[in-house]
Protein chains: 2
Amino acid sequence: MPQRDEPVPIWDRPEPPDKPALTPLSRAKIVRTAIALADAEDLSAVSLRKVAAALDAGPMRLYGYLSTKEELFDLMLDAVYGEILAEAPPSGDWQAVLREWALRMRAAVLRHEWVVDLLGGRPQLGPNVLAHLESLLSAVDGSPGFGHIDDAMRALHAINSYVVGALRAEITNARAERRAGQDEQQWQNANAPYLMRMLKTGKFPTLGKVVADATHPGPSVRFSEGLGIVLAGIEAQLAEQT
Amino acid sequence: MPQRDEPVPIWDRPEPPDKPALTPLSRAKIVRTAIALADAEDLSAVSLRKVAAALDAGPMRLYGYLSTKEELFDLMLDAVYGEILAEAPPSGDWQAVLREWALRMRAAVLRHEWVVDLLGGRPQLGPNVLAHLESLLSAVDGSPGFGHIDDAMRALHAINSYVVGALRAEITNARAERRAGQDEQQWQNANAPYLMRMLKTGKFPTLGKVVADATHPGPSVRFSEGLGIVLAGIEAQLAEQT
DNA sequence: GTCTCTATCGATACACCGTATCAGGCGAGG
DNA sequence: CCTCGCCTGATACGGTGTATCGATAGAGAC
């Protein structure tokens with residue numbers, strides 16, 4: 001603890017508290033604590049200062065292991081892909097493999113909701129992402145109907161886009177409902193009257209029908225249904241081009 | 001300009017420079033300047049202080065018109081939906097309407113790239129969003145094959161998820177390429193060697209095939225292809241349930 | 001017309017962020 | 001044993017969103 005002016009003679013000053021042991025760091029450890037913070041609260045709860053504090057270190061210590069906060073996010077996302085890859089590789093025809101992959105992705109996102117804030121937000125080149133992409137590509141490429149590698153790319157682009165968008169919507173919804181659960185009356189008092197007023201204007205007849213008649217399936221059913229639509233679309237496109 | 005200690009007698013102090021006229025504000029004006037800032041740079045360039053400064057006001061002045069920064073984002077996104085709604089409503093069968101809607105959405109996102117950072121990020125209940133949703137629902141509901149309102153919901157969920165995910169990926173890509181264009185050599189020197197090394201490990205044979213053989217279509221083609229897949233999937237699901 | 005009370009507004013202040021800078025401590029080389 | 005150089009991490013800076021609360025202007029009563 002150096003100080004510019006030192007009015008107290010050193011004999012009166014206590015020693016610095018025992019040298020904080022200087023716990024050794026590593027990227028793995030940093031990423032683990034960051035993920036723990038994000039799981040417990042939010043992505044916004046992940047600050048370099050908090051991560052460092054959780055590791056008994058000053059903020060700048062982390063810059064030996066990464067050069068930017070965004071790189072920390074990249075590592076976190078890659079670690080989640082690592083979780084998905086750790087499970088046994090799925091088997092079956094390409095539809096089964098793609099479906100299984102999407103479901104595992106969804107499971108991972110439910111474990112780590114903050115992932116949706118990162119998905120598709122930055123170009124991903126981490127080793128686990130590449131391995132994941134490879135396993136998807138190899139499952140699809142060479143299957144009956146997929147002649148050129150472009151066919152595989154088209155299919156993956158479609159299904160990946162769907163998964164990202166659907167998970168984003170689902171988590172957004174879950175967050176909103178959770179907040180609503182906390183202050184139920186606040187949400188009811190604030191948003192419901194507004195929506196009712198809008199509906200009563202008569203300008204949204206079909207929306208009214210939704211509110212009245214729609215059976216709202218659970219999120220996992222909805223996810224699965226959309227997945228079926230995209231898979232069916234891929235198959236239809238394959239059939240048509242022959 | 002009140003000051004705690006006032007050493008200079010008031011007679012010596014000049015009047016405040018002419019009263020800054022106190023430009024009248026409005027939500028519309030605030031949202032317009034915020035959008036201008038975001039268009040010019042980033043979402044991160046939109047800070048309450050900068051918006052207020054652009055309007056010759058102090059930061060806290062804005063809190064009379066909104067109570068949180070997130071509400072400003074909500075207004076911005078709703079305004080973009082307003083742009084989409086301003087065009088003449090599309091006509092044709094449900095496929096044509098959904099396709100046209102997706103293309104307009106994409107056009108809007110290309111005009112305002114920051115929209116992808118907001119899409120699906122918060123529950124959207126703005127009037128323009130509701131109107132938009134209504135127009136989509138009414139275009140689909142009642143079309144041949146769509147018996148129950150649930151069918152329309154399924155179709156919209158699928159296509160909306162795809163659009164969100166695909167646009168997110170496209171814009172992310174565009175941003176990366178733009179950065180790469182600025183420091184071409186930096187990107188080449190940093191990422192290309194890493195990728196080459198990864199490919200040369202032989203653990204990613206199919207990825208290698210992509211790099212070697214894939215024809216990389218332009219983003220608009222890719223978007224359109226994926227859109228076709230999802231539309232085909234919706235149709236297939238309709239046919240199957242009869 | 002004048003005085004008082006009240007409600008609004010916005011300057012100031014606070015806690016926090018990511019990260020540039022650079023003094024200080026520590027290890028290696030002479 | 002001394003000196004030099006590197007590396008580390010404390011400090012500092014410029015920014016953020018927003019709570020607080022004194023100043024101010026306007027309305028209402030006498």
Side-chain angles (χ1 to χ4, degrees), chain A residues 1-6 10 13 15-27 29-31 33-34 37-38 40-76 114 117-118 121-122, chain B residues 1-6 10 13 15-27 29-31 33-34 37-38 40-76 114 117-118 121-122:
Chain A
M1 285 75 201
Q3 270 151 255
R4 212 80 62 179
D5 324 330
E6 206 51 270
I10 197 180
R13 272 179 289 135
E15 279 205 60
D18 245 7
K19 276 266 182 179
L22 204 53
T23 36
L25 288 190
S26 68
R27 279 190 192 163
K29 223 177 281 194
I30 293 172
V31 171
T33 44
L37 279 174
E41 303 189 42
D42 237 352
L43 243 209
S44 71
V46 176
S47 77
L48 295 182
R49 297 165 125 95
K50 281 189 203 155
V51 172
L55 293 163
D56 282 323
M60 293 312 283
R61 184 96 184 273
L62 302 186
Y63 279 85
Y65 301 85
L66 15 110
S67 56
T68 237
K69 191 192 186 175
E70 307 230 302
E71 289 189 351
L72 174 58
F73 286 160
D74 291 346
L75 290 176
M76 290 168 71
W114 45 271
D117 300 318
L118 261 30
R122 284 180 50 112
Chain B
M1 284 73 199
Q3 269 152 254
R4 210 82 58 179
D5 324 331
E6 206 53 271
I10 201 191
R13 271 180 290 133
E15 277 205 59
D18 245 9
K19 276 266 183 180
L22 204 52
T23 36
L25 288 190
S26 68
R27 279 190 192 165
K29 223 178 282 194
I30 293 172
V31 171
T33 46
L37 279 174
E41 303 189 42
D42 239 350
L43 243 208
S44 71
V46 177
S47 76
L48 294 181
R49 298 165 123 95
K50 281 188 202 155
V51 171
L55 292 163
D56 283 324
M60 293 312 285
R61 184 96 185 274
L62 302 186
Y63 278 83
Y65 300 85
L66 10 114
S67 56
T68 238
K69 192 192 185 177
E70 306 231 301
E71 288 189 352
L72 173 58
F73 285 160
D74 292 346
L75 290 176
M76 290 169 71
W114 46 270
D117 301 318
L118 262 30
R122 283 178 52 107

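Treat the numbers as computed from the prediction; the structure is a model and nothing was measured. The sequence lines fix the lettering, A, B, ..., with proteins before strands; numbering per chain opens at 1.
Picking from C:dT19, C:dC17, D:dT18 the nucleotide with the shortest atom distance to the side chain of A:Lys50 gives C:dC17. Side-chain atoms of B:Met60 lie closest to C:dG10 of the nucleotides C:dG10, C:dT19, D:dG17.
Between A:Leu48 atom CG and C:dA20 atom P the separation is 11 Å, expressed in whole Å. Distance, B:Ile30 CD1 to C:dG10 P: 11 Å, rounded to whole Å. For the pair B:Tyr65 OH and C:dT8 C1', the interatomic distance rounds to 12 Å; values are reported in whole Å. Going from atom CG of A:Leu37 over to atom C1' of C:dC17 covers 15 Å, rounded to whole Å. If you take CG of B:Asp56 and P of C:dG10, they are 13 Å apart, rounded to a whole angstrom. One interatomic measurement links the two molecules: CG of A:Leu66 to P of D:dT8, which rounds to 14 Å at whole-angstrom precision. Rounding to whole angstrom units, CG of residue A:Asp42 and P of C:dC16 are separated by 16 Å. Going from atom CG of B:Leu62 over to atom P of D:dT16 covers 13 Å, rounded to whole Å.
Within a 6.0 Å radius of CZ in B:Arg122, more than 12 heavy atoms belonging to other residues, nucleotides or ligands are found.
Among all heavy-atom pairs drawn from B:Met76 and B:Val31, the shortest one is CA-CG1, 4.1 Å. Minimum heavy-atom separation, A:Ala52 to A:Pro59: CB-CA, 3.7 Å.
In terms of polar N and O atoms assigned as donor or acceptor, the side chain of B:Arg49 never comes within less than 3.5 Å of the base of D:dG15 in a complementary pairing.
Formation of a donor-acceptor pair under 3.5 Å by the A:Thr68 side chain with backbone atoms of A:Glu71 is not found in this model.
Applying the 4.0 Å criterion to OP1 and OP2 of D:dT18, one finds that B:Thr68 has a side-chain N or O inside that range. Taking 4.0 angstrom as the limit, A:Tyr63 places none of its side-chain polar atoms (N or O) nearer than this to OP1 or OP2 of D:dG9.
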